[in-house]
Each structure stands twice: as C-alpha cells, then as structure tokens.
Amino acid sequence: MKAQSENRDSGKTIAIILLFALSCIIMLSSVGFAVYGMMKGITFTVLHADIPGAVFALVTFYLGFRYFRATQKLMKKLAEEKNSRFSWYNFKKTSKEN
C-alpha cells in the first residue's frame, strides 16, 4: 500500500512539474516574441486593422500567467488532500473560485 501511495505522489509531482514547465515556456516564448515583434515591426491584420505582434504576445503571456497561477492552486489543493488523484477536471472552475 505504501509503495502505491508513493507512486501516486511521484505521479502527481511529475504532472505538476510538467504543468509548471509548460506555463513557463508559454510565458518565456511570449516575451521573446514581444521583443522580436517590436524589433522587427511585426503586425497582424485583424478585421482590416494592423495590430502589433507585441499585443498578441502580451495576451499569450497573460494566458501563460493564468495557467501558472492555476497550477499553483492545483498544487496547493493536491498537497492538502493526501488521497487525491491528479485529474484535468481539477482545472475546471467552480462558482466559489472567481
């Protein structure tokens, strides 16, 4: 029983680390694209308007930051509940978590 519990904990740890890494990669790549977009003057045409690439990079950074915060909340929730299991449904928002 103890080995199964340790295996579950290591699985949770690996999943949390991967989620943190993914959110950090999203944020870093968006910062890199923002800098590159400002240096090269990259624009995207949206509804006949030119939008700077840095604006899209900021939106992507915001989403990466949200995922980072959601992963922190998930880590805290899984640490509090010893018999919990990792599930993508843990990211589903409830009415209590505005």
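Worth saying up front: this structure is predicted, and the values here are computed from it rather than measured.
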Just distance, no hydrogens or angles: give the donor-acceptor pairs under 3.5 Å from side chains in residues 16-26, sequence neighbours left out.
from, atom 1, to, atom 2, distance (Å)
S23, OG, L19, O, 3.3
S23, OG, F20, O, 2.9

Scan the side chains in residues 35-47 for donor-acceptor partners under 3.5 Å anywhere in the protein, sequence neighbours excluded, and list what turns up.
from, atom 1, to, atom 2, distance (Å)
T45, OG1, D50, OD1, 3.0

(message) Membership question, hydrophobic clusters at under 4.5 Å side-chain separation (ILVMFWY): are F33 and V31 in the same one?
(response) no
Anything under 3.5 Å between a donor and an acceptor, one on a side chain of residues 54-61, the other on a protein residue two or more places apart or in another chain? List them.
from, atom 1, to, atom 2, distance (Å)
T60, OG1, F56, O, 2.9

(request) Any chance you could measure R69, atom CZ, to R66, atom CZ, to the nearest 0.5 Å? (result) 12.0 Å
